[in-house]
*Asks:* 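Below is the structure I would like to discuss, written out as structure tokens.
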Amino acid sequence: MSGGLTENITCPVSPLTFGPCAPVGRPRQTDPVHIALSRAASVVTAVELEESGHELARHELDARALAPWIREREADHPRWVWNDTAHWYPSLLAAGVRISRCVDLRLCHRILRRAASAAASELASAPRGGWDSPARPPESPTTSAMLFELEPPPVDDDPVAEWRRQREAVEGSARPGRLALLLAGESVGALVAAEMRFAGLPWSHERHDELLTELLGPRPTVGRPAKMEAVLARVRAALDDQEFSPDSPVELVKGLQRAGVRATSARSGDLKQLTHPAIAPLLEYKKLSRLHSANGWNWLDEWVRDGRFRPSYVPGGVVTGRWASDGGGALQLPRQVRGAVIADPGWTFVVADAAQLEPRVLAAISGDTAMARAGQSQDMYQGMVDSGAVETRPQAKYGMLGAIYGGTTGESGRMKPRIERAFPRAMEYVEAAARAGERGEVVSTWLGRSSPPGRGDSYDETASDAQLMKLRNDARGWGRFTRNFVVQGTAAEWALCWMGSLRRRLWEVGGGDGAATELTARPHLVFFLHDELIVHSPIRLAVDVSTALRDSAAEAGRLLFGAAPVEFAITVAVVDRYDLAK
DNA sequence: TCGGAAAGCGCC
DNA sequence: AAAGGGCGCTTTCCGA
């Protein structure tokens with residue numbers, strides 16, 4: 001099998017960068033296509049490199065002159081090579097400079113260090129060094145001076161040497177096209193993460209406060225909000241216990257037992273099984289309490305400023321390649337508060353969601369044509385019903401989720417034989433990934449991101465991750481992890497490609513390089529949630545943005561899977577409030 | 001008094 | 001409604 005279409009596209013500049021394909025002024029043979037940046041104190045060194053890696057020129061710049069210099073050089077759309085996007089890009093954005101492509105060396109290093117397809121490379125076998133350390137925190141005026149004095153940059157910090165090592169690792173790998181696409185996707189993701197934080201998600205402080213007041217009562221200066229207190233009073237009355245304490249799981253269970261209720265845990269799901277008049281108000285209390293503590297007024301004060309929610313995203317923060325977030329809980333925004341996400345006047349949101357992304361990804365990576373056929377429908381689960389594989393949509397949904405997650409009980413367990421019969425290649429694929437995990441082997445995504453080493457391997461990279469360590473000691477549990485890894489991880493790769501393609505298209509919709517306006521004056525990404533994107537757009541461009549979203553989804557499918565007959569359907573909604581999208 | 005672990009629940 | 005892989009965040013608990 002080939003690496004998809006990625007090897008076949010001809011383009012003056014590599015398409016694997018998610019940058020413009022036909023730059024103004026086609027590069028001459030000696031034009032630099034990469035510019036590597038490094039910094040020592042206030043001096044920035046910029047090294048211009050040919051595609052071959054040959055050094056063309058070297059400049060030393062004062063750090064304060066960097067942004068205008070980059071703006072000027074950006075006309076040729078070089079790839080900016082730097083250690084951490086999160087270190088360099090925020091200050092450029094603040095100076096009004098948007099770049100089209102980069103190589104985030106640390107994110108790429110992390111992938112290559114572990115990639116099974118590049119295991120023979122010098123990079124993979126080198127001792128751990130500075131590039132294996134976590135990213136240096138972005139400079140902040142209060143801490144940077146101190147940190148830099150205490151921790152001098154590691155000696156192997158040279159971005160040019162590292163870039164060459166990475167290029168060798170990719171070129172010598174079993175799947176150079178796929179790995180190159182993965183690294184390009186990871187890097188463009190880092191650009192998007194910085195841009196989304198810079199732009200912020202439009203958030204109405206006023207509407208959020210109204211929502212909280214409706215549900216909880218007015219903000220109290222001390223103690224519980226009035227409506228929470230009232231619900232708690234109903235719980236206490238039903239238990240005939242004025243001392244009942246709902247906020248500690250231990251106390252909650254004890255309190256219920258004192259009243260003769262056979263509770264063994266404080267989990268909502270378990271409480272729901274019980275029949276007692278106190279249960280309904282108690283569940284209601286827990287719901288309100290969660291909202292109050294996680295996304296209440298304190299959250300609003302801390303995270304929403306000047307009408308924008310600016311969380312910090314962590315590209316590649318999850319072992320599977322999904323993003324994580326660091327503060328603000330951007331990836332867990334409860335539906336309850338999404339009504340506070342309101343577009344600016346004259347602007348709107350274009351909200352797009354990849355429909356049944358993981359099942360479609362499974363059809364593609366396993367080459368299961370029957371499953372791919374079901375995916376010709378906009379609604380893949382309905383397509384599975386129409387093909388006769390199962391009788392109802394819920395059967396299709398839980399059957400598929402069971403296949404992907406390794407479920408054995410309930411409806412998903414019951415559906416397993418039928419799914420196996422209808423989609424044998426897909427099931428064989430995930431079963432093989434699970435067995436490999438149980439044996440302690442490494443598995444890899446379609447583009448080549450490899451799972452952490454399995455059981456029995458004396459490898460300490462993730463030793464600090466308690467959850468992974470626990471899972472690793474449970475063969476079946478680790479098998480479920482690797483089974484899910486190949487699907488979730490490849491879905492994350494599709495999403496990166498979708499986002500990278502969209503980013504380039506949005507820039508064009510906004511006028512391309514000809515329009516000398518800043519990022520937030522054009523349609524721009526403001527939110528990303530695994531398989532969902534939100535674009536904040538001037539109303540008059542919403543149709544073009546919708547088209548760009550669909551074209552990007554199709555392009556992502558082609559980039560990963562070439563001509564494979566798998567459709568990646570998305571739903572698109574143009575709304576001025578996020579909660580209206582679904 | 002502080003910090004890590006566990007419980008619980010939000011998102012996909 | 002079901003099953004359950006991946007996370008982050010808040011609160012409580014408990015021991016150093």
*Asks:* Remember a base hit wins even if backbone is also touched, and classify A:Leu401 as base, sugar-phosphate or nothing at under 4.0 Å, heavy atoms.
*Replies:*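 Since a base atom lies under 4.0 Å of A:Leu401, the category is base.
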*Asks:* Select base, sugar-phosphate, or nothing to describe what A:Arg290 touches, counting heavy atoms under 4.0 Å on all strands.
*Replies:*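 If one applies the 4.0 Å heavy-atom cut-off, A:Arg290 turns out to touch a base.
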*Asks:* Is any side-chain N or O of A:Lys287 closer than 4.0 Å to OP1 or OP2 of B:dG10?
*Replies:*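 Indeed, a polar side-chain atom of A:Lys287 lies that close.
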*Asks:* Select from A:Lys397 and A:His530 the residue whose nearest nucleotide in DNA chain C is closer to the 5' end of that strand.
*Replies:*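 By nearest-heavy-atom nucleotide position, the 5'-most residue is A:Lys397.
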*Asks:* Remember a base hit wins even if backbone is also touched, and classify A:Gly317 as base, sugar-phosphate or nothing at under 4.0 Å, heavy atoms.
*Replies:*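 If one applies the 4.0 Å heavy-atom cut-off, A:Gly317 turns out to touch nothing in the nucleic acid.
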*Asks:* Going by ring pair (Phe, Tyr, Trp, His ring centres under 6.0 Å), A:Trp446 matches just one of A:Phe485, A:Phe561, A:Tyr429. Which one?
*Replies:*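 Between A:Trp446 and the candidates, ring pair (Phe, Tyr, Trp, His ring centres under 6.0 Å) is satisfied uniquely by A:Phe561.
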*Asks:* Need one value for A:Gly402: base, sugar-phosphate or nothing, where a base atom within 4.0 Å counts as base even if backbone is also close, heavy atoms only.
*Replies:*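 No contact.
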*Asks:* Can you tell me which residue among A:Arg110, A:Arg106, A:Arg449, A:Arg322 is in a salt bridge (charged side-chain N to carboxylate O under 4.0 Å, His left out) with A:Glu186?
*Replies:*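 Filter result, single survivor: A:Arg449.
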*Asks:* Please work out if A:Arg483 contacts a base, only the sugar-phosphate, or nothing of the nucleic acid, heavy-atom cut-off 4.0 Å.
*Replies:*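 It contacts nothing in the nucleic acid.
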*Asks:* With hydrogens left out and only the distance checked, is there a donor-acceptor pair under 3.5 Å joining A:Gln488's side chain and the base of C:dG6?
*Replies:*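 Answer is no: no donor-acceptor pair is held.
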*Asks:* Are side-chain N/O atoms of A:Ser451 and A:Thr482 paired as donor and acceptor at under 3.5 Å?
*Replies:*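 Their side chains do not contain a donor-acceptor pair, so the 3.5 Å distance test is not met.
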*Asks:* Polar pairs (N or O, both sides) under 3.5 Å between protein and nucleotides 13-16 of chain C?
*Replies:*
residue, atom, partner, partner atom, Å
C:dC13, OP1, A:Ser248, OG, 2.5

*Asks:* To the nearest angstrom, how far is A:Gln332 atom CD from C:dG6 atom P?
*Replies:*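 Going from CD in A:Gln332 over to P in C:dG6 covers 15 Å.
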*Asks:* Could you tell me whether the side chain of A:Arg322 has a donor or acceptor atom within less than 3.5 Å of a complementary atom in the base of B:dC12?
*Replies:*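 Counting by modelled atom types and ignoring angles, a donor-acceptor contact under 3.5 Å is found here.
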*Asks:* Let me have DNA chain C in dot-bracket notation, would you? Count Watson-Crick plus G-U wobble pairs, both distances under 3.5 Å, and use [ ] for pairs crossing earlier ones and | for inter-strand partners.
*Replies:* ....||||||||||||
*Asks:* Should the heavy atoms of other residues, nucleotides or ligands under 6.0 Å from CG of A:Asp301 be counted, would the total exceed 12?
*Replies:*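 Result for CG/A:Asp301: enclosed.
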*Asks:* Between atom CG in A:Leu357 and atom P in B:dC11, what is the gap in whole Å?
*Replies:*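 After rounding, the gap between these two atoms is 19 Å.
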*Asks:* For a quick check of understanding: with a heavy-atom distance under 4.0 Å over all strands, which category does A:Asn295 fall into, base, sugar-phosphate or nothing?
*Replies:*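 The residue A:Asn295 makes no contact with any strand.
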*Asks:* In plain terms, say whether A:Arg435 and A:Glu441 are close enough for a salt bridge, that is, a side-chain N and a carboxylate O under 4.0 Å apart.
*Replies:*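 The answer is no: the pair does not qualify as a salt bridge.
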*Asks:* C:dC7 P sits how many Å from A:Tyr405 OH, rounded?
*Replies:*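 Going from OH in A:Tyr405 over to P in C:dC7 covers 12 Å.
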*Asks:* For C:dG8 and A:Ser325 - does any side-chain N or O of the residue sit under 4.0 Å from the phosphate oxygens OP1/OP2?
*Replies:*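 For A:Ser325, the contact criterion (side-chain N or O under 4.0 Å from OP1 or OP2 of C:dG8) is not met.
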